[in-house]
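Please read all numbers here as calculations on a predicted model, not as lab measurements. Position 1 is the first residue of the sequence, and the numbers go up from there. In what follows, every heavy atom counts, from backbone to side chain, and hydrogens, waters and symmetry copies are set aside.
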Amino acid sequence: MARRNRRYAVPGAAQGMQTFKADVMKNEGYAVDPNHPDDVKYEVAKELGIPLQPGNNGGLTTESAGHIGGKIGGAMVREMVRLAQEQLANKDQP
């Protein structure tokens, strides 16, 4: 999978998002190298039975790639929602 050049609305947020991804996926039970959190995609792919390899994955279907990214991104979004709900609940308390 080619790595997209992501542009975050907040300058400097890239490192924080990588750390967040590593923390979330670690909590999901995956072995994550904090220095290379993107490598967790290979472990997710293996679990899903998708033949993802470093380098060219031109034969990989869009659906398969989506399953990998969806599992990672879905976990991140669930955690973001949980954190937002927690902040709102704490904000309402005196």
Side-chain angles (χ1 to χ4, degrees):
M1 277 193 264
R3 174 139 173 108
R4 289 181 286 199
N5 187 10
R6 294 180 178 93
R7 288 190 222 172
Y8 293 97
V10 177
Q15 182 60 42
M17 288 301 291
Q18 291 300 312
T19 302
F20 181 69
K21 179 193 294 186
D23 292 343
V24 168
M25 295 312 288
K26 198 175 291 183
N27 290 339
E28 291 284 316
Y30 292 97
V32 180
D33 178 355
N35 298 319
H36 303 284
D38 276 346
D39 290 351
V40 75
K41 65 186 168 192
Y42 300 112
E43 190 175 341
V44 171
K46 184 177 179 182
E47 178 184 284
L48 296 172
I50 298 171
L52 180 68
Q53 299 296 321
N56 185 358
N57 286 286
L60 201 63
T61 66
T62 303
E63 181 180 13
S64 293
H67 285 299
I68 298 166
K71 185 147 180 124
I72 296 169
M76 291 175 68
V77 169
R78 279 190 300 278
E79 180 62 10
M80 285 185 233
V81 169
R82 189 194 67 74
L83 289 170
Q85 288 173 332
E86 188 177 282
Q87 284 180 346
L88 286 172
N90 290 338
K91 184 179 176 182
D92 292 339
Q93 294 178 0

Is any side-chain heavy atom of Val24 closer than 4.5 Å to a side-chain heavy atom of Tyr30? no
If you compare all heavy atoms of [X] against all heavy atoms of [Y], which two are closest, and at what distance to 0.1 Å?
{"X": "Ala31", "Y": "Val40", "answer": "O-CG2, 4.4 Å"}
{"X": "Val32", "Y": "Pro37", "answer": "CG1-CA, 4.0 Å"}
{"X": "Pro51", "Y": "Asn57", "answer": "O-OD1, 3.7 Å"}
{"X": "Val44", "Y": "Ile72", "answer": "CG2-CG1, 4.0 Å"}

Residues pairing under side chain to side chain donor-acceptor pair (under 3.5 Å) where one sits in residues 63-80, two or more places apart or in two chains, turn out to be Glu47-Lys71, Thr61-Ser64, Glu79-Arg82
Whether Glu28 side chain and Ala75 backbone form a donor-acceptor pair below 3.5 Å: no
[atom1]/[X] to [atom2]/[Y] distance, rounded to the nearest 0.5 angstrom?
{"X": "Leu52", "Y": "Ile68", "atom1": "CG", "atom2": "CD1", "answer": "4.5 Å"}
{"X": "Lys26", "Y": "Asp33", "atom1": "NZ", "atom2": "CG", "answer": "8.5 Å"}
{"X": "Asp39", "Y": "Met25", "atom1": "CG", "atom2": "CE", "answer": "12.5 Å"}
{"X": "Ile50", "Y": "Tyr42", "atom1": "CD1", "atom2": "OH", "answer": "13.5 Å"}

Tell me, please, which residues at least two apart from Ala13 pass side-chain contact (heavy atoms from CB on, under 4.5 Å).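 If we apply the side-chain contact (heavy atoms from CB on, under 4.5 Å) test to Ala13, skipping adjacent residues, the hits are Tyr8, Val10.
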Out of Lys21, Met17, Gln15, which residue meets the side chain to side chain contact (heavy atoms under 4.5 Å, CB included) rule with Thr19?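 Exactly one option meets the side chain to side chain contact (heavy atoms under 4.5 Å, CB included) with Thr19, and it is Gln15.
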Can you tell me if Lys46 has over 12 outside heavy atoms packed within less than 6.0 Å of its NZ?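 Open.
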